[in-house]
Amino acid sequence: MTQPNEVPLQMRRNGFDPAEELARARDGEGVVRVETPWGLPGYLVCRQEDVRRVLADPARFSSALTPLRGAGALHPDELARMRAGQLIGLDPPEHTRLRRMLTSEFTQHRIRRLEPRIVEIVQTALDDLERAGRPADLMANFALPVPSLVICELLGVPYADRAGFQDRSAQLLDTSLSAEELTAVRREERAYLADLVARAQADPGQDLLGMLVREHADDLSTDELIGVAGQLLLAGHETTSNMLGLGILALLRHPDQLAVIREDPARVEPAVEELLRWLSISQSPPPRTTTTEVEIAGQVIPAGTLVICSLPAANRDSALVGDPDRLDVTREVAGHVAFGHGVHHCLGAPLARMEMRIAFPALLQRFPGLALAEPYEQVDFRVLSVVFGLNSLQVTW
Ligand code: HEM
């Protein structure tokens, strides 16, 4: 058996591109043994076809058997309560039961009803950005407020609480935190969510939490409600905000492609898909654990082993698109895995897509002279995180 490699799961070349080691692993063996941020060795799967196979097969690649990162110190009871309702860490049939309660709220049809409100939120954020004056931090003044406000309204979370939950969310994704630090943030976030859920139970509103309380009082425990709320709140703003920030940075670095979206907003749809593919901000979905011996790309992997799918490597696989390292917002890219694949495919994908389709053209049209206000080499990328992104982005116009 080969020794684990030091493959930098999260590193990017030149800001955007997956590390060379990842590309080499994908174009070479396809699967390599690695050290993981979970403190256990595992196998990293890098090719588009293999990633899809793993994610489509929860019976052999389990999410529920994977230990929670840094949770070794938790008492089993507390751990079980923390995992309750966390869709992303469940397998069918528990996963199916919970996901079914939420799917109707996230269909394209349902999300389309939010469009006028999202347009309004984007326009207000643009007004605020203009008022902030140049140069301004695009993350703090636009990319973070838009998805935060959207998920707050959808879920029923007071927007006034944003400083606290935004800060804790970023920490929960930070792979440089020690197990003790991670446990402390998890406890703090749970206490916040427990309070939120208790208020919804006492007086259910017209939002998603209120709906879950009213319609699923008998089949959803309080711990599960807390888990669902936490996952939606975190996924709802952390991911889309980094796509907005990194997407704009990518377009500023490719002015010809930026012009395509600004001049014809109708072309934003394929552009968003290409940005999702090219940026692949989710470095990997949570690792799966093999339930039996499996073979991937000719490698035999024993039962009980962590398997990690590199989404950036898979989305830059030439089997998916030609010239995969080139950003081309005019191409029609089908089948990328930026939102995952299979039963855990991103629940919020229709919402994230709508936010991006509205926000990118609106920003580019409001500020035709949008430009970086700092040298590219000094841009503050957020590297050591489950979700790749930016800590800040100084822009002017
Ligand atoms: C799952 C990416 C936006 C809620 C996932 C997964 C990925 C992903 C890769 C799969 C995880 C797995 O296979 O284990 C993204 C990206 C986004 C985004 C790139 C933005 C551009 C959102 C939004 C929401 C959301 C806006 C909520 C409103 C979820 C939930 C799951 C999930 C609840 C778990 C689904 C399940 O396990 O059944 N997302 N996401 N995501 N996402 Fe997203």
Side-chain angles (χ1 to χ4, degrees), residues 9 36-38 42-69 71 82-108 111 151 155 169 172-173 208 212 220 224 226-240 242-243 273 276-277 280-292 294 296 305-315 320 335-353 385-388:
L9 293 177
T36 72
W38 279 256
Y43 285 80
L44 185 70
V45 180
C46 299
R47 292 184 193 143
Q48 173 78 207
E49 186 195 340
D50 296 328
V51 162
R52 294 174 81 85
R53 266 184 52 213
V54 169
L55 298 182
D57 189 356
R60 294 195 309 153
F61 299 94
S62 158
S63 296
L65 291 179
T66 300
L68 210 58
R69 184 169 55 94
M82 279 190 180
R83 290 195 71 138
Q86 299 274 335
L87 271 183
I88 217 161
L90 295 173
D91 291 334
E94 292 77 15
H95 173 266
T96 323
R97 175 182 73 87
L98 215 66
R99 178 135 177 163
R100 221 175 260 146
M101 295 179 201
L102 295 166
T103 16
S104 63
E105 298 293 318
F106 286 91
T107 56
Q108 284 199 31
I111 293 301
I151 195 65
L155 201 55
S169 298
L172 290 171
L173 298 173
L208 208 150
L212 288 173
L220 204 52
E224 284 176 325
I226 292 172
V228 168
Q231 197 144 78
L232 288 175
L233 182 57
L234 184 142
H237 73 280
E238 262 296 336
T239 48
T240 313
N242 284 301
M243 265 307 296
E273 296 313 304
L276 281 161
R277 176 194 77 81
S280 288
I281 59 163
S282 167
Q283 310 276 19
S284 77
R288 305 318 200 232
T289 299
T290 51
T291 57
T292 174
V294 295
I296 312 173
T305 308
L306 285 189
V307 172
I308 302 186
C309 292
S310 170
L311 301 186
N315 276 336
L320 176 69
H336 67 71
V337 285
F339 284 122
H341 178 65
V343 293
H344 293 281
H345 180 269
C346 179
L347 180 73
L351 177 62
R353 285 188 163 116
S385 175
V386 176
V387 176
F388 181 55

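All values below were derived from every heavy atom in this structure, side-chain atoms included, with hydrogens, water molecules and symmetry-related copies excluded.
The backbone N or O of A59 lies less than 3.5 Å from a partner atom in the side chain of T291, making a donor-acceptor pair. In this structure a side-chain-to-backbone donor-acceptor pair under 3.5 Å is missing from R277 to L320. When atom types are taken as modelled, the side chain of Q48 and the backbone of A314 share a donor-acceptor pair closer than 3.5 angstrom. Not a single donor-acceptor pair under 3.5 Å links the side chain of T96 to the backbone N or O of P92. Of the possible donor and acceptor atoms, one in the side chain of R69 sits under 3.5 Å from a partner among the backbone N and O of L172. A distance-only check finds no donor-acceptor pair linking the side chain of E238 to the backbone of V387 [under 3.5 Å]. Side-chain atoms of T240 do not come within 3.5 Å of backbone N or O of H237 as any donor-acceptor pair. Counting only distance, with no hydrogens or angles, the side chain of T290 and the backbone of T305 share a donor-acceptor pair below 3.5 Å. With hydrogens and angles ignored, the 3.5 Å screen pairs a side-chain donor or acceptor of R288 with a backbone N or O of P286. Formation of a donor-acceptor pair under 3.5 Å by the T66 side chain with backbone atoms of P287 is found in this model.
By the side chain to side chain contact (heavy atoms under 4.5 Å, CB included) test, S282 is found to be paired with L311, residues two or more places apart in sequence or in another chain being considered. Under the rule for a ring pair (Phe, Tyr, Trp, His ring centres under 6.0 Å), the partners of H95 that lie at least two apart in sequence or sit in another chain are H344. For R53, the salt bridge (Lys or Arg N to Asp or Glu O under 4.0 Å) criterion is met by D50, not counting sequence neighbours.
No side-chain heavy atom of M101 sits less than 4.5 Å from a side-chain heavy atom of E224. For the pair L232/L347, a side-chain contact is recorded, criterion being any heavy-atom separation below 4.5 Å from C-beta on. Taking the side chain as every heavy atom from C-beta outward, L87 and V228 never approach each other to under 4.5 Å.
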I would like to know whether L208 and F106 meet side-chain contact (heavy atoms from CB on, under 4.5 Å); could you show each step before the answer?
-> CA-CA 10 Å; L208 208 150; F106 286 91; 3.8 Å; yes
Would you please test V51 and H341 for side-chain contact (heavy atoms from CB on, under 4.5 Å) and show each step?
-> CA-CA 9 Å; V51 162; H341 178 65; over 6 Å; no
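Annotation: the span from L351 atom CG to I151 atom CD1 amounts to 6.0 Å, rounded to 0.5 Å. A distance of 3.5 Å separates CG of N315 from OG of S280, quoted to the nearest 0.5 Å. Annotation: the span from I281 atom CD1 to L276 atom CG amounts to 7.5 Å, rounded to 0.5 Å. Remark: C346 SG to R353 CZ distance equals 8.5 Å, nearest 0.5 Å. Here the CZ-CG distance, from F61 to D91, works out to 12.5 Å after rounding to the nearest 0.5 Å. Taken from OG in S385 to CD in Q283, the straight-line distance is 7.5 Å, to the nearest 0.5 Å.
Ion pairing between a basic and an acidic side chain is recognised when a charged N comes within 4.0 Å of a carboxylate O; R83 and E94 show no such pairing.
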